[in-house]
Amino acid sequence: QVQLVESGGGWVQAGGSLRLSCAASGSVIRINAMGWYRQAPGKQRELVAALAINGTTTLSDSVKGRFTISRDSPKNTIYLRMNSLKPEDTAVYYCNARLITQNYWGQGTQVTVSS
């Protein structure tokens, strides 16, 4: 199994920045990709950013130019740097780890952006 623990969420004013962290433990050698999803009130969970084991990154159109996903492989940790935050970025952000046949999720961390 893989365990994921997110941190770094909080409350910021519009235009501010936050950095989310997701530390993976357990069967980390089986992870093929990791990413960040978010779910706003009344909305479906959506992909924000993903990072494959080969280094390929994917960003949602809504965050391109503002968010950056990165990794620290020795620490089995990924990060999401969020700049120029907007109120519409308010959501619970979930870390995801994808294995060949399984997906694992963190508990989520709340990001609230005030106007």
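Between Tyr94 and Trp105, the two ring planes are perpendicular [angle over 60°; tilted spans 30° to 60°].
Formation of a donor-acceptor pair under 3.5 Å by the Arg66 side chain with backbone atoms of Ser84 is found in this model. At least one donor-acceptor pair under 3.5 Å links the side chain of Thr90 to the backbone N or O of Val113. Glu6 contributes no side-chain N or O that, together with a main-chain N or O of Thr109, makes up a donor-acceptor pair within less than 3.5 Å. Of the possible polar contacts, one joining the Arg71 side chain to the Ile53 backbone as a donor-acceptor pair under 3.5 Å is found.
Atom OH in Tyr37 sits 9.5 Å away from atom CZ in Arg45 (nearest 0.5 Å). Going from atom CG of Asn76 over to atom CD1 of Ile29 covers 10.0 Å, rounded to the nearest 0.5 Å. Remark: Leu4 CG to Ser25 OG distance equals 7.5 Å, nearest 0.5 Å. To the nearest 0.5 Å, the span separating CG on Leu85 from OG on Ser17 amounts to 6.0 Å. Here Arg98 contributes atom CZ and Arg30 contributes atom CZ; the two are 13.5 Å apart, rounded to the nearest 0.5 Å. Atom-to-atom distance recorded for Tyr79:OH and Leu51:CG is 12.5 Å, nearest 0.5 angstrom.
Contact of the Cys95 side chain with the Met34 side chain is registered, since non-hydrogen atoms from C-beta on lie closer than 4.5 Å. Side-chain contact between Leu80 and Thr68: absent, with no pair of heavy atoms (C-beta onward) separated by less than 4.5 Å. In this structure the side chain of Gln110 never reaches within 4.5 angstrom of the side chain of Trp11, judged on heavy atoms.
Considering all non-hydrogen atoms of both residues, Gly9 and Val111 come closest at CA-CG2, 4.2 Å. Of all heavy-atom pairs spanning Gln3 and Gln1, the tightest one is NE2-CB, 3.6 Å. Taking all atoms of both residues into account, the shortest heavy-atom contact from Ala14 to Ser115 is CB-CA, 4.2 Å. Between Trp36 and Leu20, the shortest heavy-atom distance links the atoms CH2-CB, 3.6 Å. Considering all non-hydrogen atoms of both residues, Ile31 and Ala24 come closest at CD1-CB, 4.1 Å.
Connection of Leu99 to Ile78 is established within a shared hydrophobic cluster, with ILVMFWY side chains joined at heavy-atom distances below 4.5 Å, either directly or through further cluster members. With hydrophobic clusters built from ILVMFWY side chains whose heavy atoms lie under 4.5 angstrom apart, Val48 shares a cluster with Leu59.
Around the CD atom of Gln107, the shell of radius 6.0 Å holds no more than 12 heavy atoms that belong to other residues, nucleotides or ligands.
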Any chance you could lay out the side-chain hydrogen bond (donor to acceptor under 3.5 Å, both in side chains) test for Thr77 and Asp72, step after step, and finish with the verdict?
CA-CA 5 Å; Thr77 300; Asp72 184 344; over 6 Å; no

Take Tyr104 and Gln102 through the test side-chain hydrogen bond (donor to acceptor under 3.5 Å, both in side chains) and record every step on the way to the result.
CA-CA 7 Å; Tyr104 293 90; Gln102 294 176 298; 3.3 Å; yes

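Screening residues 48-65 for side chain to side chain donor-acceptor pair (under 3.5 Å), with sequence neighbours left out, gives Arg38-Ser62, Asn54-Thr56, Ser60-Ser62, Asp61-Lys64.
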